[in-house]
Every structure is written in structure tokens, then in C-alpha cells.
Amino acid sequence: MMSEEIKEFYQVEYIGDKRIVKELSLPINLNLIVTKQCNANCIHCCASANEKEGAFFLGDIKKIVEIAKKNNIFYFVITGGEPFMYNQIWKLFEILNNKFGILLNTNGTLISSDIAKRLSSYNIANIHVSLDAPNQKIYHKQRGDTTKLKEVISGIKNLIDNNINITAKFVITNLNKDYMEDTIKLSISLEVKKMVFAWFKPSGRGGLNESELAINSKDVKKTVEDLYNLKKKYKNKIKLSFDNAQCFTFLIKDYKKLKYRKLCGDYFCRIDFNGDVFPCPFLEIKIGNLFKEDIKKIWKDSKLLSLRHFSWGKHLRGVCQKCNHNHICMGGCRARTFAIYGNLYSKDPLCWMKKK
Amino acid sequence: MLDEKKMIVNTLKIRKEKFGWIACDINNCRVFEISDIVAYVINKLRFQSALNDEFIDKLGQQVSLKFNINKQISKQKIHNVLYELKQKKWIKNEIYSC
């Protein structure tokens, strides 16, 4: 059996010869991009914030909440843009509070002590705060000059002072890949207990800046190794995990017994302002409309979501088709593949494997 | 103590899937599979406006009958459902966390 350490790091589950991803009749989370407005200007933003106008009408959110209630959806993920730029954010918390789990993604720069105090009166399961640079220079390169790292730090402190669960989120790009340890140290100094790392994905504005941001496949392997070593080094101080488990097979001896936790279309979907449904925040392929179709039908009938069943090379092309590891990574991130190659079946551009 | 348990039940959400029941506590980000018995007990506790010893006792009998358990499920066992849920003893796989 794989070690607890590896399981936790990659968020994979040991399940013998059964697939960990159970087929659900409905998503667990609905991911709402509540506004496209943002006070930062991140060059990797998958939502292309500030380039397009738009925000959810509260009435439409209420409709979605009714659908979620009826279908027993567990959580809402509130994201943007920057959720605290959404002028109905507190009304939204009122609507969701104690009825659903609330998860929030924020850049943290707008969280004053008053806002943190107000947030503490709601049952918020977890707040992901973007923290992917240890100093202003790197922060500025990745997130633009309209916000500052010291504002993020202040936001994190305010949340922690008010006993709100937070996770620091580090998006790994070519600009910050050498600063993971320094950022971990910064998180520890702020008393952050959990940090999650995710690869940059070339969607939205990130797609336009792909050449500057994307890590080459050789560096991917080194980055995974570095992160794994950092996890061991700081295991008594902070919990580190990796959101994208692909490209790790070389680390797992017992890999034939494993399947990695795949999220796209397995557990959540993204809902846009007009009710359009997408399999994840990064894949721009519409699979239905929540205001026009039954969510169960969208979830069950979507051809794209049926990809969740693809594995073992059945649909994958190229190197992945016969790769010995494809039952673990399932080809990696389909959004990244789609953004780079324009199809869903080629190999993940981050994979360094050349032959089976 | 019963009030405290009622509050715990109120933050649990459960639903039936083809492969069985899943549950989450909306105060954290973890989703688990739970057994039919645990799902039954949670549902009963949820729809009871106030918990009292008499109700818990009756529930023990109902669980025994419904799930063909020869021995009556003790009051303590029902009390323990939520505790054990937290301790993962009645929980099967964790299927999702964030």
C-alpha cells in the first residue's frame, strides 16, 4: 500500500483495484464565477478578469440555489475575478450560509480586519488565498502592479486572526517555480497551516501568455521532485498538497494500484452568469445551460463529461495511448491539452514521458 | 449534549448515489461514503425538532428492525453515530476533499 505521505501529497486514494472516482449522479460543488471584475491583473488569469464585463444577477443566483437545494448539491465555490469586487457578495453569503458549504477563492488583498471579522460570522468551510510569490518583485511579475504582496499578507493575517480556515494557493509558473520554498517559509511565518500547489493552465489570459508562463516538461519533473522534498522537509510545520496529480508516476512504486483524483466533470462544474455550464474553470467547452436544462440531464448526458470514464488509453492519442501510466494520470489535464493542441485526446503538454 | 448533537446534524448534508450514501459536513471540505445505517440515523435525527432520550431509545429499536439486527441498537450507539462519524469509524472511503 502506498504511504500516507504520498497519498496526502497527491490527494490520491488507495482503493485496491477499484477506481477511486465514483460516478456521481450530480456534482458535489458548483463553481460560480460571480464577477469578472478584479483589482489585480494576473497574467495567468483563466477567467480573463477585467477584459470582459459581467457579474451574476442575484436573482439568477437564487435560481441556481433552488436547483442546488432540490438536487442536494453540497458546496458552492465562489470565485471570480475577485469575489470581494462583487457588490452582492454579502447577500450571497446570507443566501448560502448554513445551507451549503461555502468555499471561496480570493487574492486576499481586499480582506481588511473588518471584512475578516464580518466573514467570521458565516460558516465558511475554507478560503483559498493566492500566495505564489515570496517578494514583491515576483508577485508583481505574476499579478501585475495594481495590488501588492503586503496587502495579501495583511489579508491572510486578518483571516487567521479571526479563526477562518485558509489555504494558501500557489500557481506554479515559469516565473515563480524557483521560489516555492521561500513562499512556503513565508506561509509558515504567517501561521498558514495548509498550502496547495497547482500547475498554471493556459486558459483565458493565461493562454495568451503561455510562452512566458508555461514550465517545460523537463522542469516539471524537477519541480515535482523539489516539491515532494519540501513536503518532507516542512512536514511538521505546514501541510503541502498538489492539486494536479499527473506527471508523478515515477515517484510511486505501487502505481498499478492507484488512480489519481480527477476533478474535471467528476465532482464539480462551473456555472457562468448566463447559466452556461462548463466542466471546469479552465475548459471552455460548454456542456449545457442550467436555466434551460435539468442539471441531472446535463451531468448524465454530456458527451464531454462522459470523458470521466475514459482511461486506460481508450480515447487517448499519441504517446499516451500505449503508455503504462495512463491509467493513473488519465492523460493529465484535458484543459491544458485542449488549450495547446485544440483537441481533448492528445498528451498533456507537461508530461515528460516520451515512450511507454 | 443532545442540543450539541442536533447542531452537528444540521451541518451535515447527505445524498443517495447508485453506489450508496455520501455525506459532508458543510463546515469543512470533506465528502465521505457512509453506511445505510448511518444515513438512516442522520435522516431521523435531522427531521426531529428536539432530541430527547426517549426519541433516541425509539430510534435504536427502529434501526434494529429496519436493518434486521437481532440485538437492539443501543441508545449509546445512536448517540455515538455523530461521534463515530467524526472519528471515521462508520465512514467508508473519503471520496473528495479540497
Side-chain angles (χ1 to χ4, degrees), chain A residues 7-8 11-16 18-29 31 68-77 96-105 122-128 163-167 169 194 196 198 239 241 243 259 261-263 266-268 296 299-300, chain B residues 1-51 66 81-98:
Chain A
K7 269 173 72 171
E8 186 191 308
Q11 302 188 352
V12 291
E13 299 294 327
Y14 176 82
I15 48 156
K18 284 185 188 171
R19 190 176 179 216
I20 185 61
V21 181
K22 302 261 182 168
E23 192 183 340
L24 298 171
S25 58
L26 286 159
I28 287 172
N29 296 354
N31 193 320
K69 259 190 215 167
K70 191 176 146 201
N71 289 286
N72 215 349
I73 306 285
F74 290 171
Y75 301 98
F76 275 90
V77 180
L96 301 178
N97 197 35
N98 292 327
K99 298 180 190 79
F100 299 92
I102 304 173
L103 308 165
L104 189 62
N105 295 336
Y122 296 93
N123 262 333
I124 294 184
N126 196 278
I127 300 185
H128 275 203
N163 298 316
I164 297 170
N165 287 334
I166 73 154
T167 300
K169 176 96 182 251
K194 192 179 171 193
V196 61
K239 184 181 171 189
S241 58
D243 218 14
K259 311 287 177 285
R261 195 188 72 154
K262 181 169 158 280
L263 294 171
D266 276 323
Y267 297 119
F268 66 72
K296 271 190 182 155
W299 192 254
K300 185 169 171 255
Chain B
M1 193 169 135
L2 284 171
D3 284 348
E4 196 183 303
K5 286 190 173 163
K6 179 69 184 154
M7 278 173 71
I8 295 172
V9 171
N10 288 343
T11 66
L12 291 173
K13 285 172 84 78
I14 65 172
R15 90 178 181 215
K16 182 91 162 113
E17 291 289 344
K18 270 187 212 162
F19 56 84
W21 288 88
I22 59 171
C24 79
D25 181 340
I26 60 170
N27 292 323
N28 62 43
C29 312
R30 308 179 89 176
V31 179
F32 299 95
E33 284 181 71
I34 54 171
S35 69
D36 290 351
I37 295 178
V38 172
Y40 180 79
V41 170
I42 291 171
N43 261 331
K44 289 283 180 184
L45 294 178
R46 189 201 305 272
F47 292 111
Q48 181 68 12
S49 54
L51 300 184
K66 183 163 177 68
V81 164
L82 297 170
Y83 175 75
E84 292 189 18
L85 199 64
K86 298 266 175 201
Q87 299 299 309
K88 301 188 184 180
K89 286 181 189 167
W90 283 28
I91 287 170
K92 300 175 191 172
N93 291 324
E94 178 177 332
I95 61 170
Y96 177 77
S97 69
C98 56

Gap between atom CG of B:Asn27 and atom CG of A:Asn98 - 0.5 Å precision | 7.5 Å

What distance do B:Arg15 atom CZ and A:Ile28 atom CD1 have between them, rounded to the nearest 0.5 Å?
-> 6.0 Å

Say you draw a straight line from OH of A:Tyr75 to NZ of B:Lys13; how long is it, rounded to the nearest 0.5 Å?
-> 10.0 Å

Rounded distance [0.5 Å steps], CZ in A:Phe74 versus CG in B:Leu12 | 9.5 Å

A:Asn72 side chain to B:Ile14 backbone, donor-acceptor under 3.5 Å = yes

Within 6.0 angstrom of A:Lys70 NZ, more than 12 heavy atoms from elsewhere | no

Counting heavy atoms not belonging to A:Lys296, are there more than 12 under 6.0 Å from its NZ?
-> no

Roughly how far, to the nearest 0.5 Å, is the CG atom of B:Asp25 from the CG atom of A:Asn123?
-> 8.5 Å

With A:Ala125 via side-chain contact (heavy atoms from CB on, under 4.5 Å) - residues at least two apart | A:Leu103, B:Cys29

